[in-house]
Amino acid sequence: MQYTEIHIPSSGCTLFITGASRGIGKAIALKAAKDGANIVIAAKTAEPHRTLPGTIYTAAAEIEAAGGKALPCVVNVREEQQVIDAVEKAVKTFGGIDILVNNASAISLTGTLETETKKVNLMMEVNVRGTYLTSKTCLPHLRKSRNPHILNLSPPMNLNPMWFKNHCAYTISKYGMSMCVLGMAEEFRGEVAVNALWPKTAIHTAAMDMLGGHGIEKQCRKTDILADAAYCILTKPKSFTGNFIIDEVLLREEGVKDFDVYAIAPGHPLMPDFFLDVETDVTARKQERYGASQAFKEEKKLSSSQHEGPESAPAKPLSPVAETFRVIQGAMSEEYVRSTQGVFQFELSGDEGGTWYIDLKTKGGSAGFGKPSETADVVMSMSSADFVKMFTGKLKPTLAFMSGKLRIKGNMTLAIKLEKMLTQLNSKL
């Protein structure tokens with residue numbers, strides 16, 4: 001670390017952390033453990049998972065090796081009794097609870113019609129209800145602490161519609177966690193500090209690997225940055241409350257200058273995280289009630305007029321779109337097909353628009369104009385211009401999706417797999 005003046009208040013400080021068996025939750029636990037803190041690992045994984053690393057017991061061993069004391073508890077935050085039992089066990093073992101970190105979270109980056117009810121229930125019950133319930137259960141004990149804190153891993157509530165339109169249920173659930181911060185910070189002002197922490201960039205975790213596939217880690221930072229930011233927050237007095245904190249912003253204020261130490265691949269471009277407007281033209285894309293500028297309104301009118309025209313107009317031969325698909329077709333290989341196993345349909349608007357496809361499921365693969373021979377696993381909608389930028393490496397698919405330039409319906413994991421193929425194709429395009 002580049003600052004050394006702050007420490008967990010005492011070696012007897014007790015943190016109750018949900019989802020602490022791996023990832024961000026475990027990183028926060030290990031940071032506190034170095035000061036000799038007591039860590040309650042409240043997570044579901046008691047037996048090794050077939051794809052995800054770590055259990056509550058392996059996390060406990062790491063925490064104790066780092067200098068802390070660990071209490072592993074099997075907790076599904078959807079189950080009220082499991083939360084109650086874990087809190088009672090924590091108080092009995094360590095004498096109280098000083099800090100609660102609501103880290104457990106569920107995610108499904110799918111549109112309204114594509115999100116199954118069970119997925120909606122999962123996100124609402126883990127993210128919103130789980131955060132509320134765990135906070136409610138811990139609060140009587142937190143109020144007895146000398147410097148109590150609740151920290152939710154949730155974003156500032158950016159009401160730009162682009163953060164809702166592609167994954168409405170997920171956004172509602174994460175903003176629900178943030179609303180707990182707003183409400184509880186005011187309700188318990190002077191007694192318990194309640195804050196939110198969110199990363200400026202994507203963070204490399206097992207969940208990110210599952211969403212983004214191999215290679216996504218180069219665009220991410222390590223969990224260490226959130227652990228260091230959380231440490232800063234949790235060592236502040238309880239009067240520091242009601243804040244929505246971005247990790248990098250806070251650490252810069254604390255004097256950190258070298259952020260390459262947090263990068264998985266120093267120097268590689270980083271993927272911005274959700275809910276933070278990226279520094280492109282999309283920062284102005286808010287409805288009038290959110291303060292869109294007159295310049296943006298005029299730009300939007302111009303853009304709309306440029307996109308008017310017959311919907312059925314076919315792409316011109318050897319147009320940028322047609323040329324892109326010609327190169328894709330020429331680059332097809334059995335390796336691409338074997339490793340991807342998906343059919344992609346593109347609905348392009350604007351000049352040279354229409355329906356196009358890439359079939360990476362059928363033997364040999366194929367690409368071209370029109371609908372694929374079998375039902376598409378993923379349908380992507382975007383402008384022709386952005387499509388060409390995406391396939392020539394000038395626009396990253398993840399950034400296009402997050403900024404609202406790309407809409408995706410269907411298998412999100414397959415959609416993100418396409419980015420790996422694009423990296424290999426860029427030299428040919």
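When the shell of 6.0 Å around CZ of F164 is examined, it contains more than 12 heavy atoms from other residues, nucleotides or ligands. Within a 6.0 Å sphere centred on NZ of K238, other residues, nucleotides and ligands contribute more than 12 heavy atoms. Annotation: E47, atom CD; neighbour count of heavy atoms from other residues, nucleotides and ligands within 6.0 Å does not exceed 12.
Y262 and D228 share a side-chain donor-acceptor pair at under 3.5 Å. Of the N and O atoms on the side chains of S105 and K174, at least one donor lies less than 3.5 Å from an acceptor on the other residue. No donor-acceptor contact under 3.5 angstrom links the side chains of T18 and N103, judged on distance only.
Side-chain N or O atoms of D35 include none that pairs as donor or acceptor with a backbone N or O of A37 at under 3.5 Å. Distance alone, capped at 3.5 Å, places no donor-acceptor pair between the T201 side chain and the M271 backbone. Counting only distance, with no hydrogens or angles, the side chain of N152 and the backbone of M177 share a donor-acceptor pair below 3.5 Å. The backbone N or O of A263 lies less than 3.5 Å from no partner atom in the side chain of H268, so there is not a single donor-acceptor pair. For T55 (side chain) and Y57 (main-chain N/O), a donor-acceptor pair under 3.5 Å exists by modelled atom type. Side chain of D377 to backbone of V343: a donor-acceptor contact under 3.5 angstrom is found. Remark: the backbone N or O of A106 is paired with a side-chain donor or acceptor of N127 at under 3.5 angstrom. For N102 (side chain) and T134 (main-chain N/O), no donor-acceptor pair under 3.5 Å exists by modelled atom type. In this structure a side-chain-to-backbone donor-acceptor pair under 3.5 Å is present from Y175 to N158. Using a distance-only test at 3.5 Å, with no hydrogens or angles considered, no donor-acceptor pair links the side chain of N243 to the main chain of N195.
Considering only heavy atoms from C-beta on, Q341 stays 4.5 Å or farther from L360 through its side chain. Between F387 and M380 the shortest side-chain heavy-atom distance does not fall below 4.5 Å. Annotation: side chain of Q219 is not in contact with side chain of L270 (no heavy-atom distance under 4.5 Å). Here the side chains of E248 and R221 are in contact, with some heavy-atom distance below 4.5 Å. Annotation: side chain of L109 is not in contact with side chain of N166 (no heavy-atom distance under 4.5 Å). Inter-residue side-chain proximity for I17 and V40 is flagged as unmet; no heavy-atom pair is nearer than 4.5 Å. No side-chain heavy atom of I264 sits under 4.5 Å from any side-chain heavy atom of K218. F344 is not listed as a side-chain neighbour of P372, based on a closest heavy-atom distance of 4.5 Å or more.
Salt-bridge formation is not detected for the pair E114/R407: no Lys NZ or Arg NE/NH1/NH2 atom is positioned less than 4.0 Å from an Asp or Glu carboxylate oxygen.
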Test side chain to side chain contact (heavy atoms under 4.5 Å, CB included) on F274 and W163; report intermediate values, then the result.
CA-CA 8 Å; F274 286 89; W163 298 118; 4.0 Å; yes

Is there a side chain to side chain contact (heavy atoms under 4.5 Å, CB included) between L182 and F244 once you walk through the steps?
CA-CA 9 Å; L182 271 181; F244 291 84; 4.0 Å; yes

Side chain to side chain contact (heavy atoms under 4.5 Å, CB included) between Y170 and T110, worked out:
CA-CA 8 Å; Y170 175 63; T110 46; over 6 Å; no

Can you check side chain to side chain contact (heavy atoms under 4.5 Å, CB included) on L15 and L234, steps first, answer last?
CA-CA 10 Å; L15 291 81; L234 299 175; 4.2 Å; yes

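In terms of heavy-atom proximity, C13 sits nearest to I99 at SG-CD1, 3.8 Å. When every heavy atom of P72 is checked against every heavy atom of I56, the shortest pair comes out as CB-O, 3.7 Å. S366 approaches Y357 most closely through the heavy-atom pair OG-CE1, 3.4 Å. Taking both residues in full, the closest heavy atoms of V337 and K361 are given as CG1-O, 3.6 Å, listed atom of the first, atom of the second, then distance.
From T112, atom OG1 reaches atom NE2 of H167 across 11.0 Å, with rounding to the nearest 0.5 Å. The structure places NZ of K119 at 13.5 Å from CE of M124, a figure rounded to the nearest 0.5 Å.
Here the options are T241, L100, L139, the test is side chain to side chain contact (heavy atoms under 4.5 Å, CB included), and the partner is V192; only L139 passes. Here the options are E347, K371, Q345, the test is side chain to side chain donor-acceptor pair (under 3.5 Å), and the partner is T355; only E347 passes.
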